[in-house]
Enquirer: 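Right, I'll just put the structure down here and ask away after.
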2 protein chains.
Amino acid sequence: MTTERTDATALADSIRHAGLRVTEPRVAVLGVLENESHIEAERVFRAVLPLVPGTSVQAVHGILAAFTQAGLVRRIEPAHSPALYERRVGDNHHHVVCTGCGAVEDVDCTVGHSPCLTPSSSGGFQIQTAEVTFWGLCPACQAAVPA
Amino acid sequence: MTTERTDATALADSIRHAGLRVTEPRVAVLGVLENESHIEAERVFRAVLPLVPGTSVQAVHGILAAFTQAGLVRRIEPAHSPALYERRVGDNHHHVVCTGCGAVEDVDCTVGHSPCLTPSSSGGFQIQTAEVTFWGLCPACQAAVPA
DNA sequence: GGGCTTGTTTTGAATAACTCAAAATAACTG
DNA sequence: CAGTTATTTTGAGTTATTCAAAACAAGCCC
Ligand SMILES: [Mn+2]
Ligand SMILES: [Mn+2]
Ligand SMILES: [Zn+2]
Ligand SMILES: [Zn+2]
């Protein structure tokens, strides 16, 4: 009976193990990210505010930046959208974005099918990562636009 | 002896054929884009200003938006960068971005190697396009950071 | 070529999403 | 518990872009 969504202690540990001090706003931010994926700073802020009154938007930005730097969360920046943060980290998975409503979903990188991620002519660049973004219509938006 | 970089008449025709009125600032913007790829609005503005004095930044943004909508230019939005515009359009090619200096280069989509661009589980999304961004170090930045 | 209609540009202001900095505050260390 | 240093608050500033009203000008018609 001591487990809400994710034990606050577990969250605190993750933060500590990342080399960061454990604070109320940080625990709250990480908690929000455990429950919701691909969420923007503003929405994180609105979710955290009631949990830790007095939290500022700047703090949330700072926390998300610190988490990102520490590798606790991942930041993506799809076109036409503010930055989105997610807890799923370490695998470099990809994303589908709905051109209708902006909904974002994870797309697993099909291992074994990655040859196309080695560019034919990389112009002398030393490639580190490949980021794939698929654009299309989510089920809901497909239904909304019949034709 | 009537051809500078790209004949102004040719530029005007492209604009007209896209269904847009031909104006001085538009011809100038398109001319700049013919000469320089992956260029941001601000730099387009600074290149256009001496050619068409009195041009406003807002106009440049408007022109680039109109061109993009008309399919005359392509707009990309790599993370950590303002939007970039390029004339190369129609093929959906990809990009390498230097994590050191932000330099951008085209990467041809290796035709025949695109199976990975069909996501394994698209979560019901109806995929329209796949956008690939490679991140790495450009030759210059590789030289600058020996280790 | 001279109006007319409508699309464009200018001018002026506003916005979204962050970032910066100084002072106040609170975590961890010993 | 005190001290050191990281973090947050408070307040302001920035960048890239968008909105809107009024002035202007392209392309069409005669
Ligand atoms: Mn994801
Ligand atoms: Mn390109
Ligand atoms: Zn949708
Ligand atoms: Zn570079």
Side-chain angles (χ1 to χ4, degrees), chain A residues 8-9 11-30 32 38-49 51-70 72-73 75-85 102 104, chain B residues 8-9 11-30 32 38-49 51-70 72-73 75-85 102 104:
Chain A
T9 308
L11 296 175
D13 285 349
S14 305
I15 295 170
R16 212 186 322 273
H17 291 157
L20 296 170
R21 288 194 184 169
V22 177
T23 67
E24 269 210 274
R26 283 186 172 170
V27 173
V29 165
L30 197 56
V32 168
H38 311 122
I39 177 172
E40 52 199 74
E42 177 65 29
R43 289 188 53 220
V44 172
F45 168 67
R46 288 207 302 267
V48 165
L49 198 48
L51 304 175
V52 186
T55 305
S56 66
V57 215
Q58 291 93 317
V60 171
H61 277 286
I63 290 167
L64 290 170
F67 283 180
T68 303
Q69 175 136 327
L72 269 182
V73 312
R75 171 192 171 111
I76 61 174
E77 291 179 46
H80 316 122
S81 160
L84 303 177
Y85 297 87
V104 178
Chain B
T9 308
L11 296 174
D13 284 349
S14 305
I15 295 170
R16 212 185 322 272
H17 292 154
L20 297 169
R21 288 196 185 167
V22 177
T23 68
E24 269 208 275
R26 283 186 171 170
V27 173
V29 166
L30 197 57
V32 168
H38 312 121
I39 176 171
E40 53 199 74
E42 177 65 28
R43 289 188 54 220
V44 172
F45 168 67
R46 289 207 301 270
V48 164
L49 198 48
L51 304 176
V52 187
T55 305
S56 66
V57 216
Q58 292 93 318
V60 171
H61 276 286
I63 290 167
L64 290 170
F67 282 0
T68 303
Q69 176 137 324
L72 268 182
V73 312
R75 171 191 172 115
I76 61 174
E77 292 178 45
H80 317 121
S81 161
L84 302 177
Y85 298 87
V104 178

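Per chain, numbering begins at 1; letters A, B, ... match sequence-line order.
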Enquirer: Please report the closest heavy-atom contact between B:V60 and B:A41, naming both atoms and the distance.
Expert: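 Residues B:V60 and B:A41, closest heavy atoms: CG1-O, 3.8 Å.
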Enquirer: State whether the number of non-hydrogen atoms from other residues, nucleotides or ligands found under 6.0 Å of B:E24 atom CD is greater than 12.
Expert: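 No, the 6.0 Å shell around CD holds no more than 12 heavy atoms from other groups.
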Enquirer: Taking N or O atoms only and anything under 3.5 Å, show me the protein contacts with nucleotides 2-9 of chain D, one pair per line.
Expert:
{"unit_1": "D:dT5", "atom_1": "O2", "unit_2": "A:R21", "atom_2": "NH1", "d": "3.1"}
{"unit_1": "D:dT5", "atom_1": "O2", "unit_2": "A:R21", "atom_2": "NH2", "d": "3.4"}
{"unit_1": "D:dA6", "atom_1": "O4'", "unit_2": "A:R21", "atom_2": "NE", "d": "3.4"}
{"unit_1": "D:dA6", "atom_1": "O4'", "unit_2": "A:R21", "atom_2": "NH1", "d": "3.1"}
{"unit_1": "D:dA6", "atom_1": "O4'", "unit_2": "A:R21", "atom_2": "NH2", "d": "3.2"}
{"unit_1": "D:dT7", "atom_1": "OP1", "unit_2": "A:R21", "atom_2": "N", "d": "3.3"}
{"unit_1": "D:dT7", "atom_1": "OP1", "unit_2": "A:R26", "atom_2": "NH1", "d": "2.5"}
{"unit_1": "D:dT7", "atom_1": "OP1", "unit_2": "A:R26", "atom_2": "NH2", "d": "3.2"}
{"unit_1": "D:dT7", "atom_1": "O5'", "unit_2": "A:R26", "atom_2": "NH2", "d": "3.2"}
{"unit_1": "D:dT8", "atom_1": "OP1", "unit_2": "A:T23", "atom_2": "OG1", "d": "2.8"}
{"unit_1": "D:dT9", "atom_1": "OP1", "unit_2": "A:G54", "atom_2": "O", "d": "2.8"}
{"unit_1": "D:dT9", "atom_1": "OP2", "unit_2": "A:S56", "atom_2": "N", "d": "3.1"}
{"unit_1": "D:dT9", "atom_1": "OP2", "unit_2": "A:S56", "atom_2": "OG", "d": "3.0"}

Enquirer: Tell me, do A:V22 and A:L11 make a side-chain contact under 4.5 Å, heavy atoms counted?
Expert: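 Answer no - side chains too far apart.
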Enquirer: Please say whether more than 12 non-hydrogen atoms of neighbouring residues, nucleotides or ligands are located less than 6.0 Å from CD in A:E42.
Expert: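 Yes - once you tally the heavy atoms of other residues, nucleotides and ligands closer than 6.0 Å, there are more than 12.
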Enquirer: Which part of the nucleic acid, if any, lies within reach of B:A83 when heavy atoms closer than 4.0 Å are counted: base, sugar-phosphate only, or nothing?
Expert: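 The answer is sugar-phosphate, as B:A83 gets under 4.0 Å only of primed atoms, P, OP1 or OP2.
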Enquirer: Tell me what A:R75 touches on the nucleic acid: a base, only sugar-phosphate, or nothing, going by heavy atoms under 4.0 Å.
Expert: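 Sugar-phosphate contact only - A:R75 comes under 4.0 Å of backbone atoms but never of a base.
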Enquirer: Go through the steps to decide whether A:F67 and A:V29 satisfy the test side chain to side chain contact (heavy atoms under 4.5 Å, CB included), and finish with yes or no.
Expert: CA-CA 10 Å; A:F67 283 180; A:V29 165; 4.0 Å; yes
Enquirer: Over how many whole Å does the gap from B:I15 atom CD1 to D:dA25 atom P extend?
Expert: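 Nearest whole value for this atom pair: 17 Å.
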Enquirer: Does B:R21 offer a backbone N or O that forms a donor-acceptor pair with the side chain of B:R26 under 3.5 Å?
Expert: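 Answer holds: yes.
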Enquirer: Find the distance B:R16:CZ to D:dA26:P and express it as a whole number of Å.
Expert: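 Atom CZ in B:R16 sits about 11 Å away from atom P in D:dA26.
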Enquirer: Just jot down the ring-ring contact (aromatic ring centres under 6.0 Å, His included) partners of B:H61, sequence neighbours excluded, or say none.
Expert: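 Partners of B:H61 under the ring-ring contact (aromatic ring centres under 6.0 Å, His included) test: none.
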Enquirer: Using side-chain contact (heavy atoms from CB on, under 4.5 Å) as the criterion, point out the one residue from A:L64, A:V44, A:V104, A:L84 that pairs with A:I39.
Expert: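 For A:I39, the side-chain contact (heavy atoms from CB on, under 4.5 Å) check succeeds only for A:V44.
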Enquirer: Going 5' to 3' along DNA chain C, which nucleotides are the first and last within contact of chain B (any atom under 4.0 Å from a heavy atom)?
Expert: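 Contact boundaries, 5' end first: C:dT6 to C:dA13.
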